[in-house]
Amino acid sequence: MKSHIRELLARAIEKAAKGGELKVTDLPPLLLEPPKQKELGDLATNVALIWAKEQRKSPRAIAEAILKNLEDPDGILARAEVAGPGFLNFSFSPRFCYERLRAVEDGRELEVDLGRGEKVQVEFASANPTGPLHVGHGRVAVIGDVLARLFEAAGFAVEREYYVNDTGRQIEQLGLSIYLRYRELHGETIAFPQEGYPGDYVRELAAEVKRRWGERFLAEKREDAVQFLSGFGGESLLGAIRRDLADFGITFDSFVSEKGLRERKEVERTIELLRSRGLLYREEGAEWFRATAYGDDKDRTVVKSDGELTYFASDIAYHRNKFERGFKKLINVWGADHHGYVNRLKAAVKALGYDPEILHVVLVQMVHLTRGGEPVRMGKRLGEFVTLREVVEEVGKDAARFFFLMRKSDSHLDFDLELAKKESSENPVFYVQYAHARIASIFEQARQSGIDVEAVRSNAVMLERLERAEEMELIKRVIQCPEAIEESVRELEPHRLAFYLLELAGEFHRYYNRFRVISDDGELTRARLVLLRNVQKVVRSGLHLLGVEAPSRMAPRDEAALDAAAGAAESSTRGR
RNA sequence: GCGCCAGUAGCUCAGGUGGACAGAGCAACGGCCUUCUAAGCCGUAGGUCAGGGGUUCGAAUCCCUUCUGGCGCGCCA
C-alpha cells in the first residue's frame, strides 16, 4: 500500500520539477505513515515540511504543487489533500482495497519478497551446556526463532544455528561437579566448591553415571574422570536443552561446536592470520589483539600467558567461519549481558577484512522473573532458578512465546509466574487466537445453514457490498499485513508483528460485535464470508510466524467448573 | 569512575530516523448475552512523556545535564 503511494508521489514530484514548480533535487527521506487521527486519511506524508527549507517555499505551496501534478490513473485514491501545516493526506479508494483483498485470497499479498533468496544466518540461544535453560534464554530463543521465521517469510534463505561452548573452564567445572556428586553417592563427604554447579540436575547426572558405570571412576585418576564426565555432562545437557527448545517449538539447522573449531585448528589459524598481519602484540606474557585500532575501547587478550586461547579467540574464528560460508547477513541474538562484547567482535570482523555491516547483533534485555510479586533469583550458579521448561509447562507454549514477543527486545521484561498462571485467560495471545476460532465458528454456522463456504470466492462475490466504515477499516488492516512483516524484518523487531495481530484481532472483534455475518441477504453474507476468510488467513499466518497455534475452536469458558474450582457456590462472578 | 539499555496513565508497555489534540492492554467505574463462542464489545475516568536547560516554525522523539533502575566494564565463559 505504501509503495503504491510512494510511486504516485515520485511521479508527481518529477512532473512538478519538469514543469518548474519545484526545484529538481533528490527525493528526501520522506515519511509515509498513517496519521494519528484516522479521519485525516489512511496515509500521510511530510515531504513538503521537510523540503520547505531547501525549496525555499512554504510547505503548503510545495504540497499544493505536488498535489496538482498527482496522477492516479488506476484509481487507487479516494482522496488526496493538503492539510495542516503542509501534510499531504491520502485515502485509498474502496475499489483499490477490494482488489488488494482479492490478492490476499490468492495468496499473493502475503508474499513479501525482500530477500530474493539471499542467504541469512540467525544464530541464537547458544547457551552453555552446563545447565538447563532458564526463562532469560527462553526470551532470546523465541526472538531468534521468530526472526528466522520472519526472514523466511520475507524471501530469505535462512539458516538457524546454535553455537555450543563445549570446551573450557565452565565445562570442566561441570565435569568436576558431577565427579564430586558421584563420589558423594558413594558415601564420601565432599566440600563442594564455590565455583561448582549446585543444581539438582548435577546430582541426577551423577546418579546416572553411577547407574551406567558403577564404581569405575572411583579408581580412575581424577583428571581423567573429570575430563570424561565433562564430555558426558555437556552432551547430556545439550540434549536436554535441545528437547526443551523443541518442546518450545524451536529447532536448528546446525550446531557448531567450539571444541570442533579448536580441534580443526581453525582458532589457531585465525589467530595466526591476525598475527601475520601485525594485529597482535605481546605484553605481560599474553598476546593481545589491537581492538582499539578498530573502534573498541580496549585491546583484548586472545592468548593467555599460560598459552591457552581465550573464549574471544574462538569467537573470532567462529565468525570468520560464518563469513566464509557466504551469508549476506549474519544476525546474532544475544542476551544483553553480552553487550560489552559487540564492539570487540565487530573490531575483529573488521580486522579480518570483512564488512561489519553484514553482522547484526540483536540484544535481548533481561527477564525479570517474579513469583507473586517476589523476585526470583536466576543464574546457573544459584541453587534455585526457574527453568524455561517449568514456565512453559505452567503457562503453555503459546502464552509463553507470545509474552516474550510482547515487548521490544531492548526493554526489560517483567514476567510474573503467578500472574501468568492465575490469569492466563487474560493473556493477549488468547485474544488473537479467539479471533481465529470465532471466524472458524462462523464458517461452521454458515455450513449448517447450507452455505458452501469453500466455494464462496472473492471473484464471484460482490465485495462492493462491504461498504460500512467498519468493513473498510477491517479490510485496510488485513491488507497491511505485508507491511507489518516487512517492518519487523527491516528493524529486526518481531514484537511489531505481535502488535499488528493484536490490532487486527481488535478490529475483527469490534466488527463481530457490531454486525451479523450470516443474514437473509445472501449477497452480503457471501461478501462478509470472503472478508472474514481473509482476516482468518492473515491471523493464522501471523500466529504461525510467531510459532503460536491458531486453533479452530477454543473451549467456551465453563462457569460451573470455574465455580467448582473456586471452592463453593459463590456468586457466579461473571469472569472475563 | 566509564559504557550500554530503560524511565510515557494506578500497573505492564507501544510510539522514538522531529510533525497535526500523547496511545493500547490490565486494574477502576457504568452499560451490552432469546440471534454466528461475553476468552468478546461499547462508554467514563485517568498523563508536567523522570527533572532542568538547549536546537527548531514545531520535541515524548535530537543535543547537554541531573536523578533513578538494570546490565556490562577479566589473561571468565
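Since we're looking at a predicted model, the values are computed, not measured. A, B, ... follow the sequence lines: proteins, then strands. Residue 1 opens every chain.
In the model, A:Y318 has no side-chain atom that pairs as donor or acceptor with a side-chain atom of A:E258 under 3.5 Å. Between A:N321 and A:E266, the side chains place a donor N or O and an acceptor N or O closer than 3.5 Å (distance only, hydrogens not considered).
Remark: the A:H339 side chain and the B:G3 base include a donor-acceptor N/O pair separated by less than 3.5 Å. Between the side chain of A:D337 and the base of B:A77 there is no donor-acceptor pair of N/O atoms closer than 3.5 Å. For A:H509 and B:C41, a side-chain-to-base donor-acceptor distance below 3.5 Å is absent, hydrogens and geometry of angles not being considered. At a cut-off of 3.5 angstrom, counting only N and O atoms as typed in the model, there is a donor on one side and an acceptor on the other between the side-chain of A:S305 and the base of B:C75.
A:E308 comes within 4.0 angstrom of nothing in the nucleic acid, heavy atoms only. Residue A:N89 is classed as a base contact, given a heavy-atom separation below 4.0 Å to a base.
Judged by the 6.0 Å and 45° rule, A:R468 forms no cation-pi pair with A:F515.
Straight-line distance from the CZ atom of A:F430 to the P atom of B:G25: 18 Å, rounded to whole Å. Counting to the nearest Å, the C1' atom of B:C36 and the CD atom of A:E444 are 11 Å from each other. Distance, A:M554 CE to B:G40 P: 9 Å, rounded to whole Å.
Remark: the separation of the C1' atoms in B:U17 and B:U61 is 10 Å, to the nearest Å.
The base-pairing partner of B:C4, taking Watson-Crick or G-U wobble contacts with both distances under 3.5 Å, is B:G70. As the counterpart of B:C41, B:G31 is assigned, both hydrogen-bonding distances of the Watson-Crick or G-U wobble pattern falling under 3.5 Å.
Between A:K2 and A:E487, at least one side-chain nitrogen of the basic residue sits less than 4.0 Å from a carboxylate oxygen of the acidic one, meeting the salt-bridge criterion.
Comparing B:G70, B:C41, B:A77 by their nearest atom to the side chain of A:Y431 picks out B:C41.
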